[in-house]
Amino acid sequence: MRIFSGIQPTGRKHLGNFIGAIRQYVEGQDRGDPAIYCIVDLHAITVAWDPAELRSNLYDTAAILLAAGLDPHRCILFRQSDVHEHTELTWYLAALTAHGDLNRMTQFKEKSAKQRELVSAGLFFYPVLQAADVLAYKAQEVPVGEDQRQHIELMREIARRFNERFGEILVEPEHRIPEVGARIMDLQEPSSKMATTGGTEQGTVFVLDEPAVITKKVKSAVTDSGTEVKRGEGKEGIANLIEILAVARGATEDQIEKEFDGSGYGDFKGAVAEAVVEFLAPVRERYEELRPDEAALEATLTAGADKARAIASETLAEVREAIGVGPAQ
Ligand code: ATP
Ligand code: MG
């Protein structure tokens, strides 16, 4: 099973990223042949960015991924911009992507509405680059959170269109969306997903938050005027906390509801805070050890890029040959 997924180096990674994506990456290392994980700096420049911060955030993200358990001997971890095949394939796939399809993308609608100065064509093109990321490796499985379902559907459509026209070269990938934790909500606005772009500061638990900060954010999570620790209509806040606790404890949501049957929200939130602190503490501690050594992080990413390029360049040679670009092989 060839696995591929990408994660942005924008700002700090949060509990939603950790539960929806990073947790699956770690697990995928044992099934992936290979498991390929890419820090997508080219996606990060589709909204406003600062060059120095982008570099620094990239190392932050690499260190978080390694701290979470990615092992460069069991997976390929690399930086997107190191492998030029991604951008080249983006252009070829652009020729097969319907403008109308890109216009329908929810992420584009949401993120473009939040841009103050410039809605870049890059933001519009984001899903094509994402399709190229995955298709360049002929990946069969893409572990992602729920918000990426639509983009995976589009990349399947692009692969299908390519293969119908030029022969069976690309692979239509399947998404792998976790059953629990695929869409962690903002603690302050439980109707929107916890997000890097546009989330609330108090409602976003960052992987690197200190225990006291995590506790404060969880305890001030917006809930409802009821008293029952149960999922249901109008109880998005409580349902979100139940989901988070289930993942952090490795339990089911039903078990959590049963355990807190009759408890007040205060006790319940205290338990969630404690579990999240425990869940993230080992990652933060390991991160502190890894982050200072940028030379070592760079060496890991460079070695990963060499392995990634070896795979992607083969796909690109086939693609160029099939579409009539460049000299015949
Ligand atoms: P942005 O808001 O800028 O898009 P992001 O927080 O979505 O940033 P990404 O790097 O784009 O972060 O996403 C990395 C992975 O995390 C993706 O697989 C995405 O589906 C997943 N993910 C993002 N937010 C959540 C969430 N709230 N719950 C579960 N998974 C999430
Ligand atoms: Mg995102």
Side-chain angles (χ1 to χ4, degrees), residues 3-28 35-49 53-54 57-58 60-62 64-65 68 70 77 79-80 105-115 120 122-123 126-127 129-130 133-134 139 141-155 173-201 203-208 217 221 236-237 239-241 243-244 246-248 276 279:
I3 298 174
F4 182 97
S5 194
I7 186 162
Q8 294 197 70
T10 33
R12 302 155 288 175
K13 300 324 282 184
H14 53 73
L15 185 62
N17 301 138
F18 194 82
I19 290 178
I22 297 173
R23 194 171 52 116
Q24 299 204 81
Y25 297 177
V26 175
E27 177 269 340
I36 309 168
Y37 302 121
C38 180
I39 304 176
V40 294
D41 51 347
L42 301 179
H43 279 100
I45 64 169
T46 56
V47 294
W49 82 100
E53 269 177 32
L54 177 59
N57 288 342
L58 196 128
D60 293 350
T61 305
I64 288 179
L65 292 172
L70 288 195
L77 175 64
R79 170 173 44 212
Q80 186 183 32
M105 294 293 120
T106 312
Q107 179 177 291
F108 174 70
K109 287 184 201 159
E110 288 176 357
K111 286 192 181 176
S112 59
K114 286 180 190 142
Q115 298 308 306
S120 73
L123 188 58
Y126 188 114
L129 177 59
Q130 192 176 349
D133 293 338
V134 176
E141 182 182 293
V142 189
V144 283
E146 171 66 39
D147 64 309
Q148 293 305 314
R149 187 185 287 275
Q150 196 182 30
H151 288 169
I152 308 278
E153 200 39 62
L154 178 65
M155 72 177 70
E174 306 274 348
H175 59 70
R176 186 180 177 92
I177 297 175
E179 261 172 43
V180 182
R183 189 174 177 83
I184 298 298
M185 308 309 268
D186 188 294
L187 300 183
Q188 288 297 316
E189 286 174 6
S191 54
S192 346
K193 87 164 180 93
M194 196 176 277
T196 313
T197 318
T200 69
E201 176 73 22
T204 309
V205 173
F206 295 103
V207 175
L208 301 177
K217 287 178 177 173
E236 292 83 5
N240 190 38
L241 294 176
E243 194 160 351
I244 290 171
V247 171
V276 173
F279 186 56

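Note that ligands are numbered from 1 as they come in the structure, with each ligand's atoms numbered from 1 the same way. Please read all numbers here as calculations on a predicted model, not as lab measurements. Reckoned from all heavy atoms, side chains included, excluding hydrogens, waters and symmetry mates.
- Under the rule for a side chain to side chain donor-acceptor pair (under 3.5 Å), the partners of His151 that lie at least two apart in sequence or sit in another chain are Gln130, Gln148.
- For Glu27, the salt bridge (Lys or Arg N to Asp or Glu O under 4.0 Å) test picks out Arg31, Arg176, with sequence neighbours left out.
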task = Please test Tyr37 against Phe4 for ring-ring contact (aromatic ring centres under 6.0 Å, His included), starting from the C-alpha separation and ending with a verdict.
result = CA-CA 6 Å; Tyr37 302 121; Phe4 182 97; 8.0 Å; no
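- Residue-level contacts of ligand 1 at the 4.0 Å heavy-atom threshold are Ile7, Gln8, Lys13, His14, Gly16, Asn17, Gly20, Ala21, Lys111, Val144, Gly145, Asp147, Gln148, Gly181, Ala182, Arg183, Ile184, Lys193, Met194, Ala195, Thr196, Thr197.
- No donor-acceptor contact under 3.5 angstrom links the side chains of Thr200 and Glu189, judged on distance only.
- Counting only distance, with no hydrogens or angles, the side chain of Lys217 and the backbone of Thr204 share a donor-acceptor pair below 3.5 Å.
- With sequence neighbours excluded, no residue forms a salt bridge (Lys or Arg N to Asp or Glu O under 4.0 Å) with Glu179.
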